[in-house]
Amino acid sequence: FTTVKEIYKDREAYIGKTITVGGWVRSIRASKTFGFLVLHDGTFFETLQVVFGEKLSNFADICRFNVGSAVIVTGELVATPDAKQPFEIQAAEVVLEGASTPDYPMQKKRHSVEFMRTIPHLRPRTNLFQATFRVRSLAAYAIHQFFQERGFVYVHTPIITASDAEGAGEMFRATTLDMENVPKNSDGSVDYSQDFFGQSTHLTVSGQLDVEPFAQAFRNVYTFGPTFRAENSNTTRHAAEFWMIEPEISFADLEDDMELAEAMLKYIFRYVLENAPEEMNFFNSFVDKGLLERLNHVMTSDFGRVTYTDAVKMLEEHNDQFSYKVYWGCDLQTEHERYLTEQIFKRPVFVTDYPREIKAFYMKLNPDKKTVAAMDCLVPGIGEIIGGSQREENYDILKARIEELGMDESEYSNYLDIRKYGTTRHAGFGLGFERLVMYLTGVGNIRDVLPYPRTVGNLQ
Ligand code: 4AD
Ligand code: MG
């Protein structure tokens, strides 16, 4: 087959030639003597118009093709300078590869994204989801390219884990237990400590604790895989299954961490804008009118930087506008994060040095003993897309912290061990991949950037 992408990229080579194209019928209309069929072949954002006439032996059959049918068309590509599309195929042959039934759910009219979520298996055939999932694919590729170009080693951290990396208790159990015959505690409750052939296990909430030791061997590493959080939160930014990119760098502090995060985001934006201009123009026209201007601004300006303490001072002045009032020590809510990045900084901003009480156990304690060397990257429209920190590399401080929080030290023995054997200063972060795709496309709901969203109420 010739692809629609090839035709668009090198039109002079194809005009006047006979070509064969395979794809799916987006729309079809016919009169007594001829008809038009719009074909989408999946290789490129644009569609291709096919004109078919009564001379075709199966003309009457083609007129009855349903939307959604898979067809193979052979014919001459002719330039149509006055039409909306720059060219069309004049069909010499139209073969039906796979028929579609008249109840095909995506007829020509526009459908709501809510409706589209009920048909996750068909929605990638629409413009919106074609554009979204191609951008998603390109962004993933750009991320690998960014890290590989810089010599980072890609580590596959496990999905089934024993420890709670974030200490937030939002884990899914992974169990081999026979539910008919579960081991019980003395009080009659289920003994989940037997989950995984006798050990307690969960689906990972983060690859960080497993990737850190690799950073003490390869220096610069990253993991990029699915993560799971059993938070029962029904928001536009939370999914139970999402993908996370987690680099970890040695001989590095929080400043290095932020520089890496900023360079990475700018690299991804540039790559996607260069490689999916049609899709990005579509988002800019139909999803988010200011998108391209905003992304260009982000790529050419420095991200803001502010400490948590200063951010709280700035936000306190606007407390009348928040449903949840800001004070030193509070966890910033989405409304505060968005206010900071949208109203005060008007660009992405790193908030650093959060109170230790609201952050994870592994973050490096600052000299003030009240805050930790943490950073969150906040962006307009979404809020937090990255959470990172310099790690506590001091064995005694980390051990004391684990004890203080009442965590089960035995689950973290490897993690502590690394601090005993030639540890270095090190830092890392986690980028939520779906939130990145939302930011890149302007799509406002995480359910619409995940091929098969796993959120409360969605499991198709
Ligand atoms: O801030 P988080 O919890 O950080 C970590 O997991 C660290 N271990 C990362 C690290 O330092 N290696 O999560 C990181 C990012 C968030 O900023 C957010 O973008 C995304 O992961 N995220 C979610 N995305 C979608 N749905 C959820 N339920 C998410 N929870 C976190
Ligand atoms: Mg976070």
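Each ligand, and each atom within it, is numbered from 1 in the order the structure gives.
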**OP:** Check whether any side-chain N or O of Glu241 sits under 3.5 Å from a backbone N or O of Pro226 as a donor-acceptor pair, and report yes or no.
**Re:** no

Original post:
Distance-only, no hydrogens or angles: does the Asn319 side chain make a donor-acceptor pair with backbone N or O of Val326 under 3.5 Å?
Top reply: yes

**OP:** Let me see the working for His144 and Phe146 under ring pair (Phe, Tyr, Trp, His ring centres under 6.0 Å), right down to the final yes or no.
**Re:** CA-CA 5 Å; His144 282 296; Phe146 173 83; over 10 Å; no

Original post:
In Glu384, the N, O or S atom nearest to the Mg ion (ligand 2) is which?
Top reply: OE2

Original post:
Can you name the residues that come within less than 4.0 Å of ligand 1, going by heavy atoms only?
Top reply: Glu166, Ser206, Gln208, Arg229, Glu231, Arg237, His238, Ala239, Phe242, Met244, Glu246, Tyr362, Glu384, Ile385, Ile386, Gly387, Gly388, Arg391, Gly428, Phe429, Gly430, Gly432, Arg435, Ile446

Subject >> Residue pair Tyr412 / Ile402: nearest heavy atoms and the distance that separates them >> reply: CB-CD1, 4.0 Å

**OP:** List the steps, then state whether ring pair (Phe, Tyr, Trp, His ring centres under 6.0 Å) holds for Phe242 with Phe433.
**Re:** CA-CA 7 Å; Phe242 62 99; Phe433 187 53; over 10 Å; no

Subject >> the Mg ion (ligand 2) to nearest N/O/S of Asp376 below 2.8 Å >> reply: no

**OP:** Flag the pair Asp396 and Arg419 as a salt bridge only when some basic side-chain nitrogen lies within less than 4.0 angstrom of an acidic carboxylate oxygen.
**Re:** no

Original post:
Under 4.5 Å between any side-chain heavy atoms of Pro213 and Asn414, yes or no?
Top reply: no

